*Asks:* 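Got a structure for you, written out below as structure tokens; questions coming shortly.
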Amino acid sequence: MELVEERGEKRVVVDKAYLYEEDKPLTVCKTSLFYTGDGFAAYDCHGDIIFRVDSYGPDTRDNDEFVLMDVAGKCLLTVKRKRPTLHQRWEGFLGERSDGQKPIFSVRRSSIIGRCTMEVEVYDGTGEEYTIDGDFSQRSCLIYDTNKRTVAEIKRKVNASTNVMLGRDVFTLEIKPGFDGAFVMGLVLVLDQINGDDPVEIGDEQVHPFVED
């Protein structure tokens, strides 16, 4: 695991290529609309695929492990559910996980009942923690650090040309400067598993997925 120094603080880095100096909005799309936990593709504003998570059909819903890849298929990060656990704890591993490999972070619900925040702990010796607040099923979440600074935001996507809000199968992931995009995309995978979805709502129109907000 690599670390980067920013404003005197260390930020976890899955891959240096996904640290950005300016706000980085990505459009995240479900690549199939029928099952919770299906594949994802994340595009930048130019329409280039930055991340992908392949789907293997309905059995994916029962899978406790998902791999985040780049456009070429390189494994960047694996997220795996830790069992047994009452708080739906998930762990993240660099690259493609192997037996005996130690996780680099974990995510868990702050409470076992009701709607609650998610707590993220990074295992880099610094005690870095993050909180995820909001409702992922509605594509409305903030991720912030221990100083309450927002490092990423998940929000509904609006078609700029028609001002129509798209369905929840397409949403915006905005990554703040100095926060690793691969790491936060791994958190999106965990949120999709913990919170799941309401029945899929399809947008009112078909548009190219990386149309700018």
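Here the structure is a predicted model, which means the values were calculated and not measured.
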*Asks:* Can you name the closest pair of heavy atoms from G181 and I175 and give their distance?
*Replies:*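 In this case the closest contact between G181 and I175 is CA-CD1, 3.6 Å.
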
*Asks:* Do I143 and E153 have side chains that get closer than 4.5 Å, going by heavy atoms?
*Replies:*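 Of all side-chain heavy-atom pairs linking E153 with I143, none is under 4.5 Å.
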
*Asks:* What do you reckon, is CD of Q101 surrounded by more than 12 foreign heavy atoms closer than 6.0 Å?
*Replies:*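 Yes, CD of Q101 has more than 12 neighbouring heavy atoms, counting only those of other groups under 6.0 Å.
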
*Asks:* Partners of F93 by ring pair (Phe, Tyr, Trp, His ring centres under 6.0 Å), sequence neighbours excluded?
*Replies:*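 For F93 there are no ring pair (Phe, Tyr, Trp, His ring centres under 6.0 Å) partners, ignoring immediate neighbours.
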
*Asks:* Verify whether one side chain among S137 and D135 offers a donor that lies under 3.5 Å from an acceptor in the other.
*Replies:*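 Yes - a donor-acceptor pair under 3.5 Å links their side chains.
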
*Asks:* Does the side chain of W90 come within less than 4.5 Å of Q193's, by heavy atoms?
*Replies:*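 Touching, per the 4.5 Å side-chain cut-off.
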
*Asks:* Using every non-hydrogen atom in the two residues, find where L19 and G178 come nearest and quote the distance to one decimal.
*Replies:*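 What the structure gives for the nearest pair is CD2-O, 3.5 Å.
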
*Asks:* Would you please test D133 and T131 for side-chain hydrogen bond (donor to acceptor under 3.5 Å, both in side chains) and show each step?
*Replies:* CA-CA 6 Å; D133 193 10; T131 299; over 6 Å; no

*Asks:* Step by step, work out the salt bridge (charged side-chain N to carboxylate O under 4.0 Å, His left out) result for D64 and K82.
*Replies:* CA-CA 8 Å; D64 285 342; K82 184 177 177 62; over 6 Å; no

*Asks:* Do the side chains of Y43 and D48 get nearer than 4.5 Å, heavy atoms only?
*Replies:*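 Side chain of D48 against side chain of Y43, heavy atoms only: no contact under 4.5 Å found.
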
*Asks:* Would you tell me whether T27 and K157 have side-chain atoms, one donor and one acceptor, within less than 3.5 Å of each other?
*Replies:*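 Indeed, the side chains of T27 and K157 share at least one donor-acceptor pair under 3.5 Å.
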
*Asks:* Run the salt-bridge test on E174 and K24 with the 4.0 Å N-O cut-off and return the result as yes or no.
*Replies:*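 The answer is no: the pair does not qualify as a salt bridge.
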
*Asks:* If two hydrophobic side chains count as joined below 4.5 Å and joins carry through other members, does L173 share a cluster with L142?
*Replies:*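 No; L142 is not reachable from L173 via cluster members.
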
*Asks:* Heavy atoms, side chains only, cut-off 4.5 Å: are N163 and V158 in contact?
*Replies:*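 Yes, side chains in contact.
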
*Asks:* Please examine the side chains of E91 and S106, heavy atoms only from C-beta on, and report whether any two atoms are closer than 4.5 Å.
*Replies:*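 Side-chain contact under 4.5 Å: yes.
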
*Asks:* Under the criterion side chain to side chain contact (heavy atoms under 4.5 Å, CB included), I'd like the reasoning laid out for D192 against F66: C-alpha separation, chi angles, the key distance, then a yes or no.
*Replies:* CA-CA 11 Å; D192 186 56; F66 298 87; over 6 Å; no

*Asks:* State whether the side chain of N147 and the backbone N or O of R149 hold a donor-acceptor pair below 3.5 Å, judged by distance alone.
*Replies:*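 Such a contact is absent between N147 side chain and R149 backbone.
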
*Asks:* Hey, mind stepping through N159 and M165 against side chain to side chain contact (heavy atoms under 4.5 Å, CB included) and telling me if it holds?
*Replies:* CA-CA 6 Å; N159 182 354; M165 184 175 292; over 6 Å; no

*Asks:* Mind listing the side-chain donor-acceptor pairs of residues 68-81 below 3.5 Å, one per line with the distance, residues two or more places apart or on another chain?
*Replies:*
unit_1	atom_1	unit_2	atom_2	d
D70	OD1	A72	N	3.0
D70	OD1	G73	N	3.0
D70	OD1	K74	N	2.8
T78	OG1	G95	O	2.7
T78	OG1	R97	N	3.2

*Asks:* Hey, what's the ring geometry for Y18 with F51, parallel, tilted or perpendicular (30° and 60° as the breaks)?
*Replies:*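 It falls in the tilted class, 30° to 60°.
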
*Asks:* Establish, yes or no, whether the cationic atom of R168 lies under 6.0 Å from the six-membered ring centre of F171 and within 45° of the ring axis.
*Replies:*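 Here R168 fails the 6.0 Å and 45° test against F171.
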
*Asks:* What heavy-atom pair brings C141 and G134 nearest, and what distance separates the two atoms?
*Replies:*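 Closest approach of C141 to G134, heavy atoms only: SG-C, 4.1 Å.
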
*Asks:* Would you kindly confirm whether L191 and Y144 end up in one hydrophobic cluster when ILVMFWY residues are joined by side chain heavy atoms under 4.5 Å apart?
*Replies:*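 The answer is no; the residues belong to distinct hydrophobic clusters.
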
*Asks:* Does the pair I50 and M185 meet the rule for a side chain to side chain contact (heavy atoms under 4.5 Å, CB included), with working shown?
*Replies:* CA-CA 10 Å; I50 307 300; M185 190 63 198; over 6 Å; no

*Asks:* Could you check whether any side-chain N or O of R156 sits under 3.5 Å from a backbone N or O of L166, counting only pairs where one atom can act as donor and the other as acceptor?
*Replies:*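 Here the side-chain-to-backbone pair exists.
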
*Asks:* I132 pairs by side chain to side chain contact (heavy atoms under 4.5 Å, CB included) with which of V120, V190, V184?
*Replies:*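 One option only clears the test, and that one is V120.
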
*Asks:* Kindly compute the distance separating CZ (R109) from OG1 (T117), expressed to the nearest 0.5 Å.
*Replies:*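 Rounded to the nearest 0.5 Å, the CZ-OG1 separation comes to 9.5 Å.
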
*Asks:* Report the distance from atom CG of D54 to atom CZ of F40, rounding to the nearest 0.5 Å.
*Replies:*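 The CG atom of D54 sits 12.5 Å away from the CZ atom of F40.
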
*Asks:* State yes or no: do I104 and M118 share one hydrophobic cluster built from I, L, V, M, F, W and Y residues joined by side-chain heavy-atom distances below 4.5 Å, directly or via other members?
*Replies:*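 Yes, because I104 and M118 connect within a single hydrophobic cluster, where side-chain heavy atoms sit under 4.5 Å apart.
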
*Asks:* Got L26 and D44 here, is their nearest side-chain heavy-atom distance under 4.5 Å?
*Replies:*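 Yes, side chains in contact.
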
*Asks:* Establish, yes or no, whether a centroid distance under 6.0 Å links the rings of Y130 and F179.
*Replies:*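 Yes, close enough.
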
*Asks:* Heavy-atom distance under 4.5 Å between the side chains of L189 and V53, does that happen here?
*Replies:*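 Side chain of L189 against side chain of V53, heavy atoms only: contact under 4.5 Å found.
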
